[in-house]
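Note that the coordinates shown come from a computational prediction; the quantities given were computed from them, not determined experimentally.
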Amino acid sequence: MSLPLAGTAMGQNYPNNNVRLIVPFPPAGATDITARLVANQLSKQWGQTVIVENRTGASGVIGSEAVARAPADGYTLLLGTLAGNVMTHLLRDKVPYGRDAFIPITVLGQTPNVLLASSALPVKTLKELIDYAKAHPGKVRYGSAGIGLSGHLGVALFAEEAKIDLIHVPYRGSAPSVEAFSRGEVELTLALVPEAANSMKSTPGVTPIAIAAAKRSDKFPDTPTFAELGYPNIQVYALSGLMVPKGTPQPIVEKIHKDTVIALKDPAVVERMNSLGIDPVGSTPAEFDKLLNDEFARWEPLIRSKGIKAE
């Protein structure tokens, strides 16, 4: 059999056994739910079980390392994220796998963040916030789920570009951070769309200031993006995508990509992801790879200049 025909057969015959999908984060979160939705659809398409396995710890490093060390045969997939595949390389001195340890296959979904201001701040727009912060340097506080996480870095990048002095107050996790904002311990927070919507329902006087994404959110149609307001670099979102170990044969990569894109178009999958505030994507491998490189370039100058390290 010639090599091109052998490659074609390899893709057509894949998979002929169960496939593992390693999720490097705990069960029940939006990332895990997305993985299980896609795994269920792929199981139906392939006639083989896609087993979701949660391997948590170190902001995604432990699960990612397990996949990096797995055989490059398409039978161990990674649920990749910005935390595990971009930020960890910027925030940690030693990572047990390189940035090139995986082949990106497709972005499954993205969830943008929203900058929220509490009623304690007399502002309704980004310009008013900037003017107020300049008039009260070092007085406006913003909370986050921890040092080096998106709620910290996103606001820090905005503050640097807007040339304002904001005080970061890190908490141990998203729940304490949200509670602190609700209690008025901090005046600003950068929250994922679903969390932001819940905060607005539970906390009187909260104002959505700007969407940290390339386009407006369907759940906040009247809230402009940072890009619309002159800050195109402020894009902060949660991302999940499928990846495989470097060296996985191209026909298998193409097969996984094609079938995953089909899975993401299933109406039940779309409805469930939308209910969680996740936008289904289904990018090409090249688009996913470019996105990861763009994110590295976006955050590296800030993290290096501020000397930010993972906790």
Side-chain angles (χ1 to χ4, degrees), residues 15 17-43 48-111 145-150 153 172-175 192 237-248 252-253 256-257 260 263-264 273 276 278 281 283 285 288-289 291-293 295-296 299 309-311:
N17 208 333
N18 292 343
V19 176
R20 287 191 308 158
L21 171 53
I22 304 295
V23 177
F25 297 97
T31 299
D32 178 70
I33 293 171
T34 299
R36 292 177 188 276
L37 286 170
V38 172
N40 183 56
Q41 286 302 121
L42 290 176
S43 296
Q48 301 287 350
T49 303
V50 179
I51 303 164
V52 176
E53 182 179 326
N54 298 91
R55 290 205 186 183
T56 64
S59 297
V61 171
I62 290 175
S64 299
E65 181 184 9
V67 178
R69 294 180 180 277
D73 57 8
Y75 287 89
T76 305
L77 314 179
L78 173 66
L79 199 287
T81 64
L82 294 181
N85 299 97
V86 174
M87 293 306 187
T88 191
H89 295 287
L90 292 169
L91 296 167
R92 296 175 182 270
D93 292 328
K94 293 183 179 180
V95 181
Y97 52 88
R99 286 180 61 204
D100 63 348
F102 309 101
I103 298 173
I105 292 181
T106 188
V107 177
L108 302 178
Q110 290 181 328
T111 306
I147 292 174
L149 300 182
S150 60
L153 298 175
R172 292 195 174 274
S174 59
L192 292 170
Y237 48 84
L239 170 148
S240 61
L242 280 190
M243 310 178 88
V244 289
K246 180 181 179 180
T248 299
I252 291 178
V253 170
I256 297 170
H257 173 261
T260 303
L264 287 169
M273 289 178 72
L276 295 168
I278 303 169
V281 180
S283 68
F288 190 5
D289 186 59
L291 185 152
L292 293 171
N293 288 326
E295 287 302 301
F296 192 93
W299 299 110
K309 297 292 184 183
E311 290 184 305

To check you understand the geometry: which heavy-atom pair defines the closest contact between [X] and [Y], and what is its length?
| X | Y | result |
| --- | --- | --- |
| Asp32 | Pro26 | CB-O, 3.5 Å |
| Met273 | Gly109 | CE-CA, 4.0 Å |
| Phe25 | Asn54 | O-ND2, 2.8 Å |
| Gln41 | Ala263 | CB-CB, 3.5 Å |
| Leu91 | Gly148 | CD1-O, 3.3 Å |
| Gly60 | Pro24 | O-CB, 3.5 Å |

Report the C-alpha distance between Asn40 and Val50 in whole Å, list the side-chain angles of each, state the deciding distance to 0.1 Å, and finish with yes or no for side-chain contact (heavy atoms from CB on, under 4.5 Å). CA-CA 7 Å; Asn40 183 56; Val50 179; over 6 Å; no
Rounded distance (nearest 0.5 Å) linking atom [atom1] of [X] with atom [atom2] of [Y]:
| X | Y | atom1 | atom2 | value |
| --- | --- | --- | --- | --- |
| Leu276 | Thr31 | CG | OG1 | 10.0 Å |
| Phe102 | Thr248 | CZ | OG1 | 10.5 Å |
| Arg20 | Thr49 | CZ | OG1 | 14.0 Å |
| Leu37 | Leu108 | CG | CG | 10.0 Å |
| Arg36 | Ser43 | CZ | OG | 11.5 Å |
| Ile147 | Arg172 | CD1 | CZ | 9.0 Å |

Would you say [X] and [Y] make side-chain contact, with heavy atoms under 4.5 Å?
| X | Y | value |
| --- | --- | --- |
| Val244 | Ile256 | yes |
| Ser240 | Thr34 | yes |
| Ile33 | Ile278 | no |
| Ser283 | Val281 | yes |
| Val253 | Met243 | no |
| Val19 | Leu42 | no |
| Ile51 | Leu21 | no |
| Ile22 | Leu79 | no |

Does the side chain of Arg99 come under 3.5 Å of the side chain of Asn293 through a donor N or O and an acceptor N or O?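 Yes.
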Between the side chains of Tyr237 and Glu295, does any donor sit under 3.5 Å from an acceptor? yes
Just do the side-chain contact (heavy atoms from CB on, under 4.5 Å) check on Leu153 and Trp299 with the steps written out, would you? CA-CA 8 Å; Leu153 298 175; Trp299 299 110; 3.8 Å; yes
Any sub-3.5 Å donor-acceptor pair from Thr81's side-chain atoms to Leu239's backbone N or O? no
Is the number of heavy atoms from other residues, nucleotides or ligands within 6.0 Å of NZ (Lys246) greater than 12? no
Run the numbers on Ser59 and Arg92 for side-chain contact (heavy atoms from CB on, under 4.5 Å), then give the verdict. CA-CA 11 Å; Ser59 297; Arg92 296 175 182 270; 4.0 Å; yes
With ring centroids as reference points, do Tyr97 and His89 lie under 6.0 angstrom apart? yes
When Leu78 is tested against each of Ile103, Leu242, Asn85 for side-chain contact (heavy atoms from CB on, under 4.5 Å), which residue passes? Asn85
Starting from the C-alpha separation in whole Å, work towards a yes-or-no answer on side-chain contact (heavy atoms from CB on, under 4.5 Å) for Phe288 and Ile105. CA-CA 7 Å; Phe288 190 5; Ile105 292 181; 5.6 Å; no
